[in-house]
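First the structure, in the form of C-alpha cells, and then the observations on it.
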Amino acid sequence: MRQRSSIPIFALALQPNAATPLFKQIDQGIRHAIHTGRLNPGQVLPSSRALATEWCVSRHTVLEALDQLLAEGYLESKPRSGLRVANVPHLSRQPTSHAALLPSQRHQKLHLPQEPRVYPPPHSWAFAVGVPALDEFPKRLWQTLTKRCNRNLSHLHYQSPTGLPELQRAIAGYLQQARGFVVSPEQIIITNGSQHALSLAAHVLLEAGNTVGMENPGYLGARLAFLQSGLEPVPVPLDADGFDVAHLRRHAPQTKLVYISPSHQFPTGITMSLARRLTLLEWAKQQQAFILEDDYDFEYRYNSKPIAALRSLDDSGRVLYIGTFSKVLFPALRLGYIVVPPSLIEAFWMAILATTRHLPILEQKVTATFIEEGHFAVHVRAMKNLYLERQAVLLQAAEQHLPETAQCAPSQAGMHLLLRLGQNHSETQLHDHARNAGLLLESYAPFWLGTPAEQGLLLGYAAPNEKAIREGMASLGTIIASNPRGA
Ligand SMILES: Cc1ncc(COP(=O)(O)O)c(C=O)c1O
C-alpha cells in the first residue's frame, strides 16, 4: 500500500512475552514519541497495515492502540489523509526539568540533619536506637491472630476516624492498669504511630507561627511535626530535674504548647522530678497552654516503680498523652494513640477525617486481640527482662573496649544509652567511621536545637543480641582508639 506519510515507520522495541499486552506497548511507544518530540503535530502516521507489518503484529493490535490515542486526543483523523499527530497546545515536548520544581518555603524548613535510617534488615542490629528486639517478637502468634481476625473481619465499610472501639477499650484498660489514670475509650484517638499524634496535636491546638517549647536536646520527630505545621520550636534547656520551666517563662512567655518526654527524656534519659512536673502543670494552667506528654517507652523501667505520668497528676485537662506501639510491638505496625480531653475529641475526629480518614482495621483488630488475650503483658514482661540483660552486656563491653573518656552510665529505663565523649574525641568523625563499619549508632548533635553543649553518641541495646553487642563494641573500641581528635 502507498504510504502517505513523510515520516518513516519508527522502530518500537515490542516484547511479545511481556506482561504488558502488545497494543498497550504500542500505545505507550507512540505516546512517548509524541511527548518527547520524536513525532510532531501534523505528522501523518503510516497506515495501520504498514505499521502492523513493520512491527510484526496483527492489524487489529495496531488499531486497538491507535483508537485509544485517537480517543484521548493524541491523534486526529483527517478525511482521506489518515491519522496524524494532533496539535495539542500545552503538551510539553521537552523532558521536565525536575530541578526547577521546588516545594513550598514552609516545607523547605524540614530536613533531617542525618541520613535516613536503614530500612532493609541490617547485617547487625548494633546499636540501632529506638528499635525493639524484632528477632524476639512472637511472629507466629501474631500471624495466627491475624488469620483469625481476618476470617472474622466484618468491618468492610468506613469506620470511625478516631479508631476501632475494641482497640480504644483495650488501651483504656491498659493505661488504667499500667499508668494509673482512668479515661473513657472515646478519649483515646488511634494514630499512625506517635508521629501522627504529634502532627494532629500541632494542627488542632495551635495556629501557624505559634511557639512550642521543646526539650533541648530533644526528639527530632517532634521537631519535624511542629515545623511542618508552621510552628516555631523554642529550645528549653534541661537540668538534673529535667525541663527548665523558669527558662521557658523568661524566654518564651507567649508559648501555648510544651512537648515533653518526662518519664525518660529523649535522648538524655533524664527523669523529670515531681517538683518540676508540678511546676510545669502550674505553668500550663496559668498560661492556658497545653502539654504534649510523649510516654514512648515507659514500659521499660528497671529495678524501680514506673514514674507517674504527668497526665495522672493533671487536674486541668491540659495534658494530652501520647503512647506508641513502636517500642513494645514493632515500628512497622504504625499504631500509636493520643489521649485527649473530651472537649477536643470532635476536633481530632475532624482532623483525621480530613486527612487519613482512619487507620487500617485489621492491624487495629489484631492489636486489640493481642492485648485482650494477655499476650501483650507477657511480651512486655519478657522484653523488659531481656533489655535489662542487654544493657548490662553493653555496659560491660563498653568498660572492656572503650577508653575512660568515652563511657556511658547505666540507666534505670529505656532502650538506649548516651555515650558521652570528652574533648579529645570528634563526634562527627567517630559517627562517620562507625557508620561506615556498619554500626547503626546515632550522633548526638542532630538532637540539639542550636549549638550542642556536649558531644556524644547514642547506642541502642534493645535490638542487637548479646553477640552483636559484644562484636559491635569491640569494633567501636577500635574506631575510637584509631581516631584521636583531629586525626
Ligand atoms: C521520643 C520518641 N517518641 C516516639 C517515638 C516513636 O515514634 P512512632 O510511634 O511514630 O514510631 C520515638 C521513636 O524513636 C521516640 O524516640
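Because the structure is a prediction, the values reported are computed rather than measured. All values below come from the heavy atoms of this structure, side chains included, with hydrogens, waters and symmetry mates left out.
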Heavy-atom neighbours of Lys147 NZ exceed 12 at 6.0 Å: no

Glu293/Arg179 under salt bridge (Lys or Arg N to Asp or Glu O under 4.0 Å): CA gap, chis, key distance, verdict: CA-CA 13 Å; Glu293 176 178 23; Arg179 279 335 242 136; 5.3 Å; no

Donor-acceptor contact below 3.5 Å, side chain Tyr300 vs main chain Lys327: yes

Aromatic plane relationship, Tyr296 with Phe266 - under 30° parallel, 30 to 60° tilted, over 60° perpendicular: perpendicular

Flag side-chain contact, heavy atom, 4.5 Å: Phe348 against Thr191: no

Residues, nucleotides or ligands: over 12 heavy atoms within 6.0 Å of Gln108 CD: yes

Nearest-0.5 Å distance that lies between atom CG in Asn216 and atom CG in Leu238: 7.0 Å

Distance-only polar pair, side chains of Gln391 and Ser411, donor-acceptor under 3.5 Å: no

Main-chain N/O of Gln429 paired with His433 side-chain donor or acceptor, under 3.5 Å: yes

Expected output: side-chain Asn483 to main-chain Ile479 donor-acceptor under 3.5 Å: yes

Tyr321 six-ring face occupied by Arg311 cation (under 6.0 Å, within 45°): no

Close side-chain approach of Glu454 to Trp448, heavy-atom, < 4.5 Å: yes

Within-4.5 Å side-chain heavy-atom neighbours: Pro132 and Tyr387: yes

From CA spacing to verdict: side-chain contact (heavy atoms from CB on, under 4.5 Å), Gln287, Gln254: CA-CA 8 Å; Gln287 281 294 116; Gln254 303 307 323; 5.7 Å; no

Verdict with supporting geometry, His35 and Arg31, side-chain contact (heavy atoms from CB on, under 4.5 Å): CA-CA 6 Å; His35 274 288; Arg31 209 177 276 257; 4.2 Å; yes

Side chain to side chain contact (heavy atoms under 4.5 Å, CB included) partner of Val245, the single match among Leu280, Leu281, Val236: Leu280

Sidechain-backbone polar pair: Ser229 side chain, Leu231 backbone, donor-acceptor under 3.5 Å: no

Sub-4.5 Å side-chain heavy-atom contact between His251 and Val234: no

Shortest non-hydrogen separation from Ser443 to Leu457 and the atoms involved: CA-CD2, 4.2 Å

SG-CG distance between Cys408 and Leu421, expressed to the nearest 0.5 angstrom: 10.0 Å

Test log, rule side chain to side chain donor-acceptor pair (under 3.5 Å), inputs Gln228 and Ser199: CA-CA 8 Å; Gln228 192 182 35; Ser199 295; 4.6 Å; no

Donor-acceptor contact present, side-chain Glu215 to main-chain Ser261, <3.5 Å: yes

Shortest non-hydrogen contact from Arg277 toward Ala309: NH1-C, 4.1 Å

Tyr302 side chain reached by Lys384 side chain, heavy atoms, under 4.5 Å: yes

Point-to-point distance, once rounded to the nearest 0.5 Å, from CG of Leu395 to CZ of Arg390: 14.5 Å

Test item: Met383 and Met415 side chains (from C-beta on) under 4.5 Å apart, heavy atoms: no

Side-chain donor or acceptor of Arg169 paired with backbone N/O of Pro185 under 3.5 Å: no

Donor-acceptor under 3.5 Å (Gln455 side chain, Glu427 main chain): yes

Atom NE2 of His123 with >12 non-hydrogen neighbours under 6.0 angstrom: no

Verdict with reasoning, Leu419 to Tyr444, per side-chain contact (heavy atoms from CB on, under 4.5 Å): CA-CA 9 Å; Leu419 178 77; Tyr444 192 22; over 6 Å; no

CG on Leu418 to CD on Gln265, rounded to 0.5 Å: 10.0 Å

Close side-chain approach of Ile171 and Ile190, heavy atoms under 4.5 Å: yes

Heavy-atom closest contact (Ile291 atom, Ala284 atom, distance): CD1-CB, 3.8 Å

Closest contact, heavy atoms only, Leu198 versus Ala222: CD1-CA, 3.8 Å

NZ/NE/NH1/NH2 to OD/OE distance under 4.0 Å, Glu166 and Lys365: yes

Ring pair (Phe, Tyr, Trp, His ring centres under 6.0 Å) assessment of Phe137 paired with His379: CA-CA 8 Å; Phe137 186 73; His379 181 60; 5.4 Å; yes

Working for side-chain contact (heavy atoms from CB on, under 4.5 Å), residues Arg435 and Asp432: CA-CA 5 Å; Arg435 280 292 175 128; Asp432 291 352; 5.8 Å; no

Phe330, Phe370, Tyr337 screened by ring-ring contact (aromatic ring centres under 6.0 Å, His included) with Phe325, the one that passes: Tyr337

Any donor-acceptor pair under 3.5 Å from Glu232 side chain to Asn210 backbone: no

Parallel, tilted or perpendicular: rings of Tyr174 and Phe376 (30°, 60°): perpendicular

Nearest atoms (heavy-atom pairs only) where Ala347 meets Val204: CB-CG1, 3.7 Å

Side chain Ser475, main chain Glu471, donor-acceptor under 3.5 Å: no

Minimum heavy-atom distance between Gly213 and Leu248, given as atom pair plus value: CA-CD1, 4.2 Å

From NE2 (His264) to CD (Glu299), nearest 0.5 Å: 12.5 Å

Verdict with supporting geometry, Arg334 and Gln195, side chain to side chain donor-acceptor pair (under 3.5 Å): CA-CA 9 Å; Arg334 300 315 304 140; Gln195 195 59 33; over 6 Å; no

Check: Asp314 side chain, Val319 main-chain N or O, donor-acceptor pair, under 3.5 Å: yes

CD (Glu399) with more than 12 external heavy atoms under 6.0 Å: no

Rounded distance [0.5 Å steps], CD1 in Ile188 versus CG in Leu167: 8.5 Å

Leu292 vs Val212 side-chain heavy atoms within contact, under 4.5 Å: no

